[in-house]
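Sequence positions, counted from 1, serve as the residue numbers for this chain. Computed from a predicted model, the values in this text were never measured in an experiment.
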Amino acid sequence: MKQLIQKQILPISLEQAWDFFATPKNLNEITPEGLKFEMISDLPDVMYEGLLILYYIKPMLNLKVFWCTEITHIKEQQFFVDEQRKGPYAIWHHEHHFKAVPGGVEMTDIIHYDIGKSFIGWLAGKLFVDKKVKAIFEYRYTTLETYFSKK
């Protein structure tokens, strides 16, 4: 299983950070255009435990892949967890943590993922998936820096 941890300090309040990330529609704002992210579920204004989010992505070769994630845990203004229920990974577990710090809020993403145990899964991970996951979170980092510097 792979793990990616990314920390970022945003120059906003904890309340502003929570309001942004607890709004499922904002996922579109921080997803690279190259993934051709297409939300197919009706989303509430605010997430809740048990919320299923359905979408398509095109991670490579313009192939459309269905993905269903569930918001499994929420502790208001502290953290929430989304987990894949159906999609391209054998395991996808993404924790989003928030903590007020001097100058803003520290946001920490902890992602555990596994593409599968087969040789093809291992090869895809080495050649493509690990780089793609890292690139998605680098994109989010840069996008959030820009987005919240304008606030």
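- Take Thr108 and apply the side chain to side chain contact (heavy atoms under 4.5 Å, CB included) test, not counting sequence neighbours, and it matches Ile5, Lys7, His97, Glu106, Ile110.
- In this structure, the salt bridge (charged side-chain N to carboxylate O under 4.0 Å, His left out) partners of Lys25, at least two apart in sequence or on a different chain, are Asp45.
- Remark: His112 NE2 to Met1 CE distance equals 7.0 Å, nearest 0.5 Å.
- A ring-centre distance under 6.0 Å is not found for Phe79 and Phe98.
- Residue Lys99 qualifies as open at atom NZ: its count of foreign heavy atoms under 6.0 Å is 12 or below.
- Listed by chain and number, the residues in a side chain to side chain contact (heavy atoms under 4.5 Å, CB included) with Pro11 are Phe148 (sequence neighbours excluded).
- Gln16 contributes a side-chain N or O that, together with a main-chain N or O of Ser13, makes up a donor-acceptor pair within less than 3.5 Å.
- What you find for Lys75 and Trp18 is that their closest heavy atoms are O-CH2, 3.8 Å.
- Residues Leu43 and Pro24 approach most closely at CD1-CB, 3.8 Å, considering heavy atoms.
- Residues that satisfy the side chain to side chain contact (heavy atoms under 4.5 Å, CB included) test with Glu29, not counting sequence neighbours, are Phe20, Asn26.
- When the salt bridge (charged side-chain N to carboxylate O under 4.0 Å, His left out) test is applied to Glu38, the partners found at least two apart in sequence or on another chain are Lys64.
- For the residue pair Gln6 / Glu138, no side-chain donor-acceptor distance below 3.5 Å is found, with atom types taken as modelled.
- Applying the salt bridge (charged side-chain N to carboxylate O under 4.0 Å, His left out) test to every pair with at least one member in residues 10-20, sequence neighbours left out, gives no pairs at all.
- Looking at residues two or more places apart in sequence or on another chain, you find a side chain to side chain contact (heavy atoms under 4.5 Å, CB included) between Phe37 and Leu27, Asn28, Thr31, Met39, Tyr55, Ile57.
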Worked verdict on Asp109 versus Leu4 for side-chain contact (heavy atoms from CB on, under 4.5 Å): CA-CA 8 Å; Asp109 287 296; Leu4 175 69; over 6 Å; no
Enumerate donor-acceptor pairs with a distance under 3.5 Å from any side-chain N or O in residues 80-88 to protein atoms, sequence neighbours excluded.
| from | atom 1 | to | atom 2 | distance (Å) |
| --- | --- | --- | --- | --- |
| Asp82 | OD1 | Trp92 | NE1 | 3.4 |
| Asp82 | OD2 | His94 | ND1 | 3.4 |
| Asp82 | OD2 | His96 | NE2 | 2.6 |
| Glu83 | OE1 | Arg85 | NH1 | 3.3 |
| Glu83 | OE1 | Arg85 | NH2 | 3.0 |
| Glu83 | OE2 | His93 | ND1 | 2.8 |
| Gln84 | OE1 | Trp67 | NE1 | 3.1 |
| Gln84 | OE1 | Tyr89 | N | 3.1 |
| Gln84 | NE2 | Tyr89 | O | 2.4 |
| Arg85 | NE | Glu70 | OE1 | 2.7 |
| Arg85 | NH2 | Glu70 | OE1 | 3.2 |

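- Between Leu52 and Ser41, the closest heavy-atom pair is O-OG, 4.1 Å.
- Between Asp130 and Lys2, at least one side-chain N (NZ, or NE/NH1/NH2) sits under 4.0 Å from a carboxylate O, which counts as a salt bridge.
- The two residues Glu49 and Ile74 come nearest to each other via the heavy atoms OE2-N, 2.9 Å.
- Ile9 belongs to a hydrophobic cluster whose remaining members, ordered by chain and number, are Val101; membership requires side-chain heavy atoms of ILVMFWY residues under 4.5 Å apart, directly or through intermediates.
- When hydrophobic side chains of Ile, Leu, Val, Met, Phe, Trp and Tyr are connected at separations under 4.5 Å, Leu54 ends up clustered with Ile40, Tyr56, Phe66.
- In this structure a side-chain-to-backbone donor-acceptor pair under 3.5 Å is present from Ser149 to Thr146.
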